[in-house]
Amino acid sequence: AQTVGFSQIGSESGWRAAETTLTRQQAEERGYQLQFSDAQQRQENQIAAIRSFVAQGVDAILLAPVVATGWDSVLEEAAEAEIPVVLLDRRVDSDESLYLTAVGSDLVHEGEVAGQWLVDQVAGEECRIVELQGTTGSSPAIDRKTGFETAIAGHDNLEIVRSQTADFTRARGKEVMESFLQAEGGGADICALYAHNDDMAVGAIQAIKEAGLAPGSDILVVSIDAVPDIFQAIAAGEANATVELTPNMAGPAFDALEAFWAEGTMPEKFIQTESRLYTQADDPQGEYDRRKDLGY
Amino acid sequence: MTVLSRIAPQLIVLAALIALVSVFYPGFLSIDIQNGRPVGPVIDILKRSAPVALLAVGMTLVIATRGIDLSVGTIMAICGAAAAWALTQGLGAGAAIALALTAGLAAGLWNGVLVAVVGIQPFVATLILMTMGRGVAQLITEGRILTFTDPGFGWVGSGVALGLPVPVWIWLATAIAVAVIMRRTALGLLVEAVGINRRAAHLAGVNATVLLIAVYIASGFCAALAGIVVTADIRGADANNAGLWLELDAILAVVIGGNSLLGGRFSVAASVLGALIIQTISAGILLAGFASEYNLIIKAGLVLIILVLQSPRIASEWRLWRDSHRAERGRT
Amino acid sequence: MLLSIRSLTKVFPGTRALDDVDLDIAAGEVHALLGENGAGKSTLIKCLTGAYLRDGGTITLEGAPIDPRSTLQAQELGIGTVYQEVNLLPNLTVAQNLMFGREPRRFGLIDMRGMRSQARATLAQYGLSIDVDRDLGSYSVAIQQIVAIARAVEISGKVLILDEPTASLDAAEVAMVFDVVRGLRDRGMAIVFVSHFLDQVFDLADRVTILRNGRRVASQPIVGLSRMALVEQMLGRALEEVVASPAPEAEQAPAMLHFDGIGRAGVVAPFDLTVAAGEVVGLAGLLGSGRTETAEMLFGIRPAQTGTARDADGPLDLRHPRAAIAAGFGFAPEDRKTDGIVADLSIRENIILGLQARRGWARPIPRAEQNRLADDYIRQLDIRTSGREKPIGELSGGNQQKAVLARWLAMNPRFLILDEPTRGIDVGAHAEILRLIRTLTDKGLSLLLISSELDELVAVADRVIVLRDRAHVAQLTGAAVGADAIMHAIAGTGDAA
Amino acid sequence: MNTRLLPLYATIAIFVLAYALAYSQFPAMLSTRVIGNLLTDNAYLGIVAVGMTLVILSGGIDLSVGSVIAFSGVFIAVALRDTGLHPLAVFAALLLLTTVFGAGMGFLIDRLAMPAFIVTLAGMFLARGAAYLLSVQAVPITHPFYKLLQDAYWLMPGRGRLTLIGVLMLAVVALGAVVAHRTRFGTSVYALGGGAQTARLMGVPQGRTTVLVYAFSGLMAGLSGIVFSVYTGSGYSLATVGTELTAIAAVVIGGTLLTGGSGTMIGTLVGVLTMGLIQTYIVFDGSLSSWWTKIVIGLLLLGFILLQKGLLRLSQRGR
Ligand SMILES: Nc1ncnc2c1ncn2[C@@H]1O[C@H](COP(=O)(O)OP(=O)(O)OP(=O)(O)O)[C@@H](O)[C@H]1O
Ligand SMILES: Nc1ncnc2c1ncn2[C@@H]1O[C@H](COP(=O)(O)OP(=O)(O)OP(=O)(O)O)[C@@H](O)[C@H]1O
Ligand SMILES: [Mg+2]
Ligand SMILES: [Mg+2]
């Protein structure tokens, strides 16, 4: 059987746990032996892990990079040892020749989808938006912000009035949202919330409810990831839309690897997964049921 | 009277901060009544202080024994996970809380035994649980955010009782209970003796081992309460993020409360005020609407200023200056 | 004058520790600084050497005003000091402690071998041949003290200050230290010497200055001064000395405690001991002979591995201090700084600490009761303080010792172990404490008294046990208890039974 | 001599034992590749741990180092991107900056008698905050000189690489050992750790020593930042979160007492390698889930410390 090393960022969110679970499942189904390494959010651990994979002589390496920069020399080492590397869900700024392919979604595009939805939804009406950012400095936070801003640029009726980091977490999402509500006339002046991930949105929804407002109608809620809990909120009418980031990055990655092993086929350098928009019209309860056992 | 003079510096700092934040956000002190519950930035601060204030209460005791507990943030995560697990298993809110508290006590016992019996330095002993505990918490939640809907348990985090959010009552009650127990019994004295000179206290017949274990258990218990509050607040246990880096805020609160990291004399009230000060800074940053990149620098700057002003050296310089001033006035 | 001090003043909150003190020290003299506990001797020395910043006054050295603001500066001026508590670093080696700041260097780096040999050579002058590469902390207080003295001697070019340097040395070491000091005097150095041992003062000093309550009372040559006059000037009153009165040939009281074959491998060889109610058993021996170890074993600090302890009611559990305390034992340790005081707590809290620990945390001693106890002992032991709430760490050394003693007396034990209880205590208080011991033993308290001062042993002990090389080698009883007899037994020359 | 070095011997013995156990399970552990990796991957940690050792020996602690490493990376990357300076000039400026930063913290600790824990905690917030201000995004370093540094290695037999930064780390440890054990400054550091008040009475220049200790730690953190930027070829403000705790753990495993005054530099090196060994072992095993990874790391740490304590006790009883 083939041995595949997988260097995962960590287990900081439900989404990432699901990605790990699905990768394990995929490997098992295809009869690979998966060498799993959790880097606990640290690039240095990921680099060390890849080096160890090389020393062990694995047949391929999956890498979910914690940050885009700084992979050149370790990827070169892997290339020298002729081990194909596939990037999962985030991309790197190294030369394309250093990896086989990258599987992931376009983070900027996700933000655009969310922004576009809001533009369509308010249809020209005035809308003051508050934004919950991800961890300061992380690439999803930066890209999703950029994408969203691109989408609403040129629509003068839409304006981001407050934007703060809530570290991608539920608890901070709730706390920061509370202060937004406070600062914006008890929430009366806010028309929509854009959160860089669903977890922060779920926390914020609770804050909105506790402030005596109705999330989903008084304040529109749009976020990204499509984790099970947001579908429950959408089903309950408390959230309006989410953009999917599929945790099944390993499937396409393994497909590409198989083709490469078998015939040496070089896949495309970027295999983009779909960034699908889900709204209240898309059977949220059904989506929830389909996802709830995927390890989110 | 003596208590008041002990916590006077913290009260002054708090007042100054409130004034500062009010400059950036004029409505800071306003309180409205909505749906029969008071809302306003001050109420929010009182409520949001709960985790750090609770941790600071336990941390004060640990630091009084010349120890430190880095694992409290992790213990919060474990206890939150345990409670959420109990709720998803269909147990009631009471059972969930009991389970969480038990987990906190057990974690504290683990720390206490490592420190007091095995003799590992507190920083290292609790560092071990700090790394390990998050794994334990995630083992319980299997890496996902365990959500629940139990309204009774949720009330603990976001309910209102007698006009104030429930978490406020929880930290107030804990702080008062601990302070009273420490001062109305001989525990406070014995804890301080162990913190200042463990060997001398041991030779005088103080059961230092048991006391040390007890303070870590108390810290674990406080952390469990904090874990319950945050879990109930978001109605979900987030094993990876609950209480992350909160131990540092708790230690900061204890020090801003004027307690020495070298052990000995302590004041629970001052530590809790320290927690309020930290939360006021955080809330002030949010309300003032600075960009996220500035959060850390502003916090660091304010904390440094506060600590410099409170430094014993500055205090003695100030006293010297005042005395000489008085003497001069007396002469004229 | 080599060193002159004018109008030195130092104020602590609530205490005027030094009040307008003048002091002149000539080259080539040993100047004794005397006074009761808390008179201000140590404070004067610390102000002089920059450890404290003085509040007023001037200091001149060889005619030039000096203002040392740290001990380092004082050292650079040629003033070497041994402070009252042994102030060396237990975590450094003996050689490092001794040579600190003067290490021989090669190519800018410390020359380890040179440092070692220099250290050995220095210590040899004091008759000490120990492994200089071991941590200082692994040696006894006495050895640490000699190292401290040797260090101060080496770094002092002009002035050497010794604050109670001999408190835990025995006669032979003291003689050796004095030889070195006399040699320095003859080479024209000025030496300041603080001690509560008047014999040593008469032996060594040329002039004395007496402090009382932070003021200078007198400064005079020692020749022609009587012991009585000196004491009167110190105390401001006459002293009734406790005369050595060998206990009345004991009307053999029944034994209260039996220790059978009690011992610990590598620490103390097994021995038997019985103690009767009201009896004072003295423990004599050279440095490192195992006296402290014996005490620590009996009190369960390093519990015995062999043998049993029992009283009339059956066996006693002495596996740790709490158990020993429960059995009615008490132990006032030798090293008050690390084992005795809880520095930041008040005198009151230090005194009631043991009592409170025995009662348990849930039954606090009422505040009024605490105050009464503290005030009682402050009065009885004459602890000099501005109040019972003063942190004990701010007391003078001798007064700290008294407070630790008070802690144990307050617990009312039946068997009290005192390890060098009068170390650093002034003559007045010394007499008070010996008298107190008498009254207590009359009421049935048994004592195990460890002391390097043979006179003290002779004065109060009913029986003296002599240790050598961690084994009990002799026992003197009744009339046989005498300084000479003990000395012989210690040296192994006499034919004591 | 013997008794002082016991903790070091215990540390080495445990490391060798652990390596042997790992080797018996995964023979590849003894390849030059793994050994080379062990040095390279832990170079930045080893360097920062040298500074941390000195700080801990003096009885203090420096929580700011992780943030300072991150700041250094961002500083270098931004400077190289926005100015035409040569990397060596940037390095010099950076080292000066971090040294002064450390000295400033030391100054506060000494002059204001504030606990090191808190001052350096504020320093930790400050350094990371400053990194954010320079650049929130990760900045790649493309200067050709960096390529040179990264490719500077000696290929050992068995294709293992002995890299420049790995060798630099060993050199820094040697330098640290000389500073700690063979200079007056080093002795002063030990003296301070043994008891500040006593040290002062003995004539230790407390203020100067404290400032120098933290300045040295700042210098080492800056150097470690340079090494880290060579290692990753970029600067990122979120890098090396929590590295201060890893460094402290390494120092402690190396037999240095957190209370100060006792420990060795060589011990720290062994401690760093032990941490690296744990990481490598877990990757080689490859079967642990994210949460079991954390638990196992904690348990292994505990195991090491317990073994060390046990060995020390045994050997002390033996005498
Ligand atoms: N750090 C301090 N803070 C407050 N008071 C102090 C401090 N040090 C000394 N004192 C006070 O100053 C007075 C003089 O103390 P000092 O130590 O000089 O006495 P001493 O003559 O050396 O006594 P002893 O013979 O017991 O050593 C005492 O009343 C003591 O309580
Ligand atoms: N001359 C010496 N050479 C080597 N080690 C010594 C010497 N004297 C004492 N020690 C060590 O010091 C330790 C403590 O002995 P210590 O002097 O406290 O015994 P002691 O009989 O209680 O004497 P004292 O009460 O006078 O200090 C012992 O473990 C002993 O090994
Ligand atoms: Mg004195
Ligand atoms: Mg002794």
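Numbers restart at 1 for each chain; the letters A, B, ... are given by sequence-line order, proteins then strands.
For C/Glu103, the parts lying under 4.5 angstrom from a heavy atom of chain D are both the backbone and the side chain. With a 4.5 Å cut-off on non-hydrogen atoms, D/Arg200 touches chain C through its backbone but not through its side chain. Proximity to chain D involves both the backbone and the side chain of C/Thr93, based on heavy atoms less than 4.5 angstrom apart. Contacts between D/Val179 and chain C at a heavy-atom distance below 4.5 Å are absent for every atom of the residue.
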Residues 216-227 of chain D side chain polar contacts: donor-acceptor under 3.5 Å, at least two apart:
from	atom 1	to	atom 2	distance (Å)
D/Ser217	OG	D/Asp62	OD2	2.8
D/Ser224	OG	D/Tyr44	O	2.8

Donor-acceptor contacts under 3.5 Å from residues 256-266 of chain D side chains, at least two apart:
from	atom 1	to	atom 2	distance (Å)
D/Thr264	OG1	D/Gly267	N	3.2

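Comparing C/Gln96, C/Arg105, C/Glu76 by how many heavy-atom pairs each has under 4.5 Å with chain D, the most go to C/Arg105. Interface check for chain D: of the options C/Gly101, C/Ala51, C/Gly108, the most heavy-atom pairs under 4.5 Å are formed by C/Gly101. Chain D forms the most heavy-atom pairs under 4.5 Å with one residue out of C/Asp111, C/Thr81, C/Asn97, C/Thr49, and that residue is C/Asn97. Between chain C and the options D/Pro205, D/Ala191, D/Gly195, D/Gly193, the largest number of non-hydrogen pairs under 4.5 Å is found for D/Ala191.
Between C/Thr71 and C/Lys46, the side chains place no donor N or O within less than 3.5 Å of an acceptor N or O (distance only, hydrogens not considered). Counting only N and O atoms by type, the side chains of D/Thr120 and D/Ser64 include no donor and acceptor under 3.5 Å apart. For the 3.5 Å distance criterion, the side chains of C/Gln84 and C/Ser42 qualify, holding a donor opposite an acceptor.
No donor-acceptor distance shorter than 3.5 angstrom exists from the side chain of C/Ser70 to the backbone of C/Gly50, with no hydrogens or angles considered.
By the 30° and 60° cut-offs, the orientation of the rings of D/Tyr190 relative to D/His181 is tilted.
Between C/Arg116 and C/Asp133, at least one side-chain N (NZ, or NE/NH1/NH2) sits under 4.0 Å from a carboxylate O, which counts as a salt bridge.
Within 6.0 Å of atom CZ in D/Arg111, 12 or fewer heavy atoms from other residues, nucleotides or ligands are found, so the atom counts as exposed in its surroundings.
Here C/Arg54 pairs with C/Asp67 under the salt bridge (Lys or Arg N to Asp or Glu O under 4.0 Å) rule; sequence neighbours left out.
Below 4.5 Å, heavy atoms of chain D meet heavy atoms from C/Arg151, all part of residues 150-158 of chain C.
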